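In what follows, a structure is listed as structure tokens, so that the remarks can point back to it.
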Amino acid sequence: MRLTSLPPSFARWGRAALALCGLAVLPGCDFNFWRMDGHQTTMVTAGPVAKSQLDVFYVTVWVTFIIFILVGAVLAYATIKFKAKTEADEHAEPPEQSHGNPLIELGLIGASILALVVIAVPTLKAIWYTYDVPEELRENAYEVTATGYQWWFKFEYPNEQIDGAGTLVTGNELVIPAGRPVRVNLRTVDVIHSFWVPKLAGKVDMIPNRGNHLWLQADEPGYFWGQCAEFCGESHAVMRFRVIALSEEDFAEWLAAQKAPARTVAPAVAQAGALPQAQFASFRRNEYGFTDKWDANAAVPPLEHWRQQQFPAKDEDAALIAEGRRLFVEKTCAGCHAIRGHEGMGITGPDLTHIGSRTTIAAGLLENNREQMARWLKHPEVVKPGNLMYTTGYVANNVQLNDAEVNALVAYLESLK
Ligand code: CUA
């Protein structure tokens with residue numbers, strides 16, 4: 001029997017069943033699918049704000065699911081019960097039409113209102129709760145300012161003063177203390193962006209000339225993925241960032257390391273293999289099981305990878321780094337990027353004082369390693385179409401980089417731990 005001779009409904013059901021099997025099998029490769037976990041999931045939360053938002057989602061899902069079941073059951077009942085069963089039924093006159101049953105109508109209106117109230121109460125509560133750090137937690141709250149640029153995020157720490165250099169500024173990786181509420185002021189310098197860390201808090205827009213804010217909290221130390229969630233131009237989809245939550249002790253240590261001016265690699269230091277900054281000592285506590293024989297290809301938990309990234313590479317080449325530092329000025333990079341303590345003075349691009357300690361580059365798009373950094377420096381316009389480093393930097397200043405120059409710049413940037 002050929003498939004085409006089957007009744008059409010059979011084939012339709014077959015296709016539907018196949019599609020369902022496909023749905024079940026394909027994601028079966030990824031265990032996390034069944035937990036609905038992933039980098040940017042909202043279904044597995046890591047803090048109270050995201051949790052309260054997930055709770056609202058579930059309330060809504062359950063209410064609508066119950067409505068679906070009830071309506072579906074009534075529909076099925078009516079379809080079966082009042083089906084035309086004989087030839088005569090099919091040609092019968094429609095029954096006499098009535099105005100309806102006032103009791104049923106009132107009942108349905110009442111049920112709809114009840115359903116809306118059941119959804120509205122927790123929704124309103126969550127809106128108030130997530131709007132700003134709750135009164136009772138405010139004393140313990142930490143404050144940062146996130147500013148959207150086409151296409152990257154600047155993070156400022158208004159309470160972290162650096163002698164003679166204003167406040168601490170980083171880019172694209174927001175480091176916060178775990179277990180503490182963090183108020184994030186949201187700003188933009190150009191168009192509307194939206195700040196979203198799915199596991200920590202829902203999105204809030206960064207709107208020109210308007211001071212928005214949100215709060216979030218990571219209950220445990222962790223590494224979280226963030227994303228701009230408002231269309232903001234050509235490279236909107238690749239405008240990403242990370243949030244790294246550290247224990248109070250590690251956070252204090254990180255702040256101290258970040259407040260230090262850019263690291264200078266002297267040949268003697270590199271040869272001795274000494275760590276140039278003593279304050280990294282406790283990052284080495286090995287709490288997360290990393291060893292010095294860390295394998296770059298091994299699947300390492302992201303937070304551990306982040307810790308690894310805080311250390312200078314073992315094979316630093318002081319001469320190459322010095323050449324990179326010179327090129328950073330010669331190729332006009334210094335006009336847009338600040339490198340505190342070195343020559344970089346610009347403010348239109350991300351602060352690069354400690355770029356080497358970040359896990360990502362190009363606004364969370366590429367892993368921060370030699371290969372990717374070289375790729376980014378060589379062809380930023382390919383990695384991130386329309387970006388200003390290319391248009392107002394490379395093109396406007398006629399910047400050309402050969403492989404040797406890229407190599408030196410990579411070595412220099414990598415050394416900025
Ligand atoms: Cu910024 Cu989309």
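One-based numbering, in listed order, for ligands and for the atoms of each. The structure displayed is predicted, hence computed values, not measured ones.
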Salt-bridge test for Asp205 and Arg210: reply yes if a basic N is under 4.0 Å from a carboxylate O, no otherwise. no
Between Trp215 and Tyr129, what is the ring plane arrangement, given parallel below 30°, perpendicular above 60°, and tilted in between? perpendicular
Hey, which N, O or S atom on His193 ends up closest to atom 1 (Cu) of ligand 1? ND1
If you round to 10 degrees, what value do you get for the angle at atom 2 (Cu) of ligand 1 between Cys232 atom SG and Glu230 atom O? 110°
Taking only Lys NZ, Arg NE, NH1 and NH2, and the carboxylate oxygens of Asp or Glu, determine whether Arg326 and Glu330 approach each other closer than 4.0 Å. yes
Do you see an N/O/S atom of Met239, backbone or side chain, under 2.8 Å from atom 1 (Cu) of ligand 1? yes
Does His236 put an N, O or S atom under 2.8 Å from atom 1 (Cu) of ligand 1? no
Heavy-atom closest contact (Glu173 atom, Thr359 atom, distance): OE2-OG1, 2.7 Å
